[in-house]
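Heads up: numbering here begins at 1 and tracks the sequence. All heavy atoms count here, side chains included; hydrogens, waters and symmetry mates do not.
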Amino acid sequence: MATPQPRVSCGSLLQELQVLWGEIGQNEAERDRMILQLEEDCLNVYKKKVEQTRKQKEDLIEALSFGESDIDKILSALGERESFSRVEKLGGTLMEQLAKVEPVLDDLRRRRDERVEEFMVVQVQIVRLHAEISGTIDHGDPVPPLVDEANLSLRRLAEFKSKLKELQTEKNLKLQKIDVQINCIHEICNMMSLDLKTALYEIHPSFIELGRTTSMSVSDSTLERLAGKVHSLNQEKKQRLRKLQDLGSTLIELWNLMDTPIDEQECFDHVTSLISVSPNTKMPQGCLARELIEKVEVEVKRLNCLKASKMKELVLKKMIELEEIYRSVHMDIDSDYERRILNDLIDSGKADLSDLLTGMDGQITKAREHALSRKEILEKVEKWTLASEEESWLDEYERDQNRYNAGRGAHKNLKRAEKARMLVSKIPSLLENLTAKIKAWEKEKGVPFIYDKIKLLDSLEEYTSRRQQKDEEKRRSRELKKLQEQFAAEQGAMFGTKPSPVRPPSARKPLGQSSNVNIICGTPTSRRVCTPMARKGGLSSVKVKEAGKTAAFIPANYVALPKDSSDNSNQ
């Protein structure tokens, strides 16, 4: 182990230098000059060292001051109001003070960097969301934002986060709108068999990107294009639906006209089922496809060609239906003339057969309404006709002198006569009611009520007049018979005989075997033929002749006297 060298001092070196100078023989002046030079050199070394040390001190003070200043700035930027004591209060040397400041400064700088990173993340998202919402992102990624390191407070960070949340909310709302509208487009495309990707690509390419390297566009312009696409698709859907509904209605009309079999109609059930569907209703996939519409158009064209060949037959069927309606309510039309006009019109080719059928449908509808308005009156006419027929039968029955004979069917005629008398008794009220109904109907319609080419009201008035004449004749006949019986009684009293009253000659045939009677049922044959509207001849001439023959038995100068007057004259 080497022996440590003894420490050499400046004094020992000076002594050694003096010995060496003595041995050399250096003069005193030179010695003094050299010593002075050495002192100067030592002084310079000390000065330099002092200067270096002073500079070191200044650097330490500056570093300490910078550290404290940096701490103040960082604390101010972070929004923390803490402060550190000055150097005098920290205690210790400058090196010790700096040693205390440096770890604090490092910690603050780390916190500042972390805060800057937080600001950067939030601000980058804000800038990107702004670019997405405004649509500028389509032109490239936005420029990264610069963080203001002078204001890194938590309050400022909270403001940025709040702004970011607002933008995220706005974007989410737009994404929800986009999702709803894309679903609507998807549904409409399914109905009309359109390509969804093509429709979405026309709005914005980001809607169909599978990798999603970029986010879906949520700009206002994209939303406007999306809404415009939905509107245009909806309009096209409505047009196609309206067209299919018209075609479906035409199909049903043609099927009904030509009695198309059900199995043929079932092939187009998916079309006819859309006739009453609202445009906002969810419909099956492909129900509005262009190919389907073209297929239905072809079918309608085919049926129209068939319709032209069958239209004449259909028109004639409508004519028969119209005639049946008029005939059922006793309204008269010139069927032969009408058919001749229709045939000439169809054969000429100038008439639109569809319009002709539509016109006939209108006539049928009016005829049905007209028939319905006549229904109540016709029911009363039927009752009146039945009562009148029973009245005719009753008159004939009462003229039959053998009606009380115990012949075959006599009890049935008696029962019928009882019912006939009850029915005949209702004729006046029935006529009054029927006349009032007819007058009200004619006032409402402004035309006379025609029944089988007869003005029903005139027929009723004529019938009423004839019935009154008939009642008057019956009354006179009864009075004449009474006079005859009185005359016969007086003749018997005068001559002592009582001749039987004179009776008009009559055939003694049973009621059921009269020439005017239906032999099978004992009913006059005029029951179904001689209705009140057909009996226009007034009172029968047979009744007048019978009354005249009876009157011939009474003397011209005969005066009927009461029985008490004849007894007084005898006295």
Side-chain angles (χ1 to χ4, degrees), residues 184 187-195 230-325 338-339 341-372:
C184 183
E187 182 179 334
I188 296 175
C189 287
N190 279 343
M191 293 179 193
M192 299 193 295
S193 296
L194 299 178
D195 183 51
V230 171
H231 178 74
S232 63
L233 288 174
N234 268 321
Q235 291 302 313
E236 186 175 356
K237 180 185 76 172
K238 290 178 181 179
Q239 291 175 1
R240 292 191 182 188
L241 177 61
R242 191 180 304 113
K243 189 168 186 179
L244 263 183
Q245 288 175 336
D246 293 340
L247 290 171
S249 300
T250 304
L251 277 177
I252 293 177
E253 180 182 351
L254 292 171
W255 289 339
N256 293 335
L257 286 175
M258 293 181 287
D259 298 328
T260 304
I262 297 298
D263 54 346
E264 291 186 21
Q265 298 181 22
E266 289 176 350
C267 297
F268 294 92
D269 280 348
H270 56 292
V271 177
T272 55
S273 62
L274 299 176
I275 291 178
S276 59
V277 170
S278 168
N280 298 325
T281 305
K282 187 174 182 180
M283 289 172 273
Q285 182 175 356
C287 64
L288 300 178
R290 191 176 300 278
E291 295 79 7
L292 174 62
I293 296 176
E294 292 174 353
K295 181 180 178 182
V296 179
E297 286 176 337
V298 170
E299 178 64 13
V300 169
K301 186 176 180 181
R302 183 184 71 84
L303 291 176
N304 275 324
C305 293
L306 292 176
K307 181 185 76 170
S309 62
K310 293 187 177 182
M311 194 62 72
K312 185 174 181 179
E313 178 184 351
L314 295 173
V315 170
L316 293 178
K317 283 184 179 180
K318 296 287 184 182
M319 185 63 194
I320 293 173
E321 183 180 357
L322 187 61
E323 291 172 358
E324 288 295 329
I325 294 173
E338 293 290 341
R339 290 193 182 192
I341 292 296
L342 281 175
N343 287 329
D344 293 343
L345 194 59
I346 294 173
D347 293 339
S348 67
K350 297 179 181 179
D352 186 342
L353 297 180
S354 298
D355 292 342
L356 192 59
L357 278 177
T358 303
M360 294 201 69
D361 286 336
Q363 291 182 33
I364 290 173
T365 301
K366 290 181 180 178
R368 285 174 178 162
E369 294 174 354
H370 197 64
L372 186 61

Could you check if a side-chain atom of [X] sits within less than 4.5 angstrom of a side-chain atom of [Y], using non-hydrogen atoms only?
X	Y	value
L303	L251	yes
M191	L241	no
L288	I293	no

Considering all heavy atoms, the nearest [X]-[Y] contact:
X	Y	result
C189	L233	SG-CD1, 4.5 Å
L322	Q363	CD2-OE1, 3.4 Å
Q265	D269	O-OD1, 3.4 Å
S193	G286	OG-CA, 3.5 Å

Review point. What residue pairs, at least two apart or across chains, pass side-chain hydrogen bond (donor to acceptor under 3.5 Å, both in side chains) with a residue in residues 270-279?
Key: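 Passing the test, one end in residues 270-279: no pairs.
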Pairwise distance [atom1]([X]) to [atom2]([Y]) - rounded to 0.5 angstrom:
X	Y	atom1	atom2	value
W255	E264	CH2	CD	9.5 Å
L254	L306	CG	CG	9.0 Å
I252	F268	CD1	CZ	12.5 Å
E323	I364	CD	CD1	10.5 Å
I325	I320	CD1	CD1	12.5 Å
L247	E294	CG	CD	11.5 Å

**Study point:** Under 3.5 Å: donor-acceptor pair, side chain of Q245, backbone of V277
**Key:**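 Answer holds: yes.
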Exercise for review: Check for a donor-acceptor pair, side chain of K237 on one end and backbone N or O of P279 on the other, with a separation under 3.5 Å.
Suggested key: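 Yes; judged by distance alone, with no hydrogens or angles, the pair exists.
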Practice item. With sequence neighbours excluded, tell me which residues meet side chain to side chain donor-acceptor pair (under 3.5 Å) with E236. Key: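 E236: side chain to side chain donor-acceptor pair (under 3.5 Å) contacts with R240, R290.
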Review point. Quick one: side chain to side chain donor-acceptor pair (under 3.5 Å) partners of E299, sequence neighbours excluded?
Key: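 Counting only residues at least two positions away or on another chain, E299 forms a side chain to side chain donor-acceptor pair (under 3.5 Å) with R302.
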Point to revise | Residue pair V296, K243: steps toward the side chain to side chain contact (heavy atoms under 4.5 Å, CB included) verdict | key: CA-CA 10 Å; V296 179; K243 189 168 186 179; over 6 Å; no
Under the salt bridge (charged side-chain N to carboxylate O under 4.0 Å, His left out) test, residues paired with [X] that sit two or more places apart:
X	answer
D361	K318
E187	none
K238	none

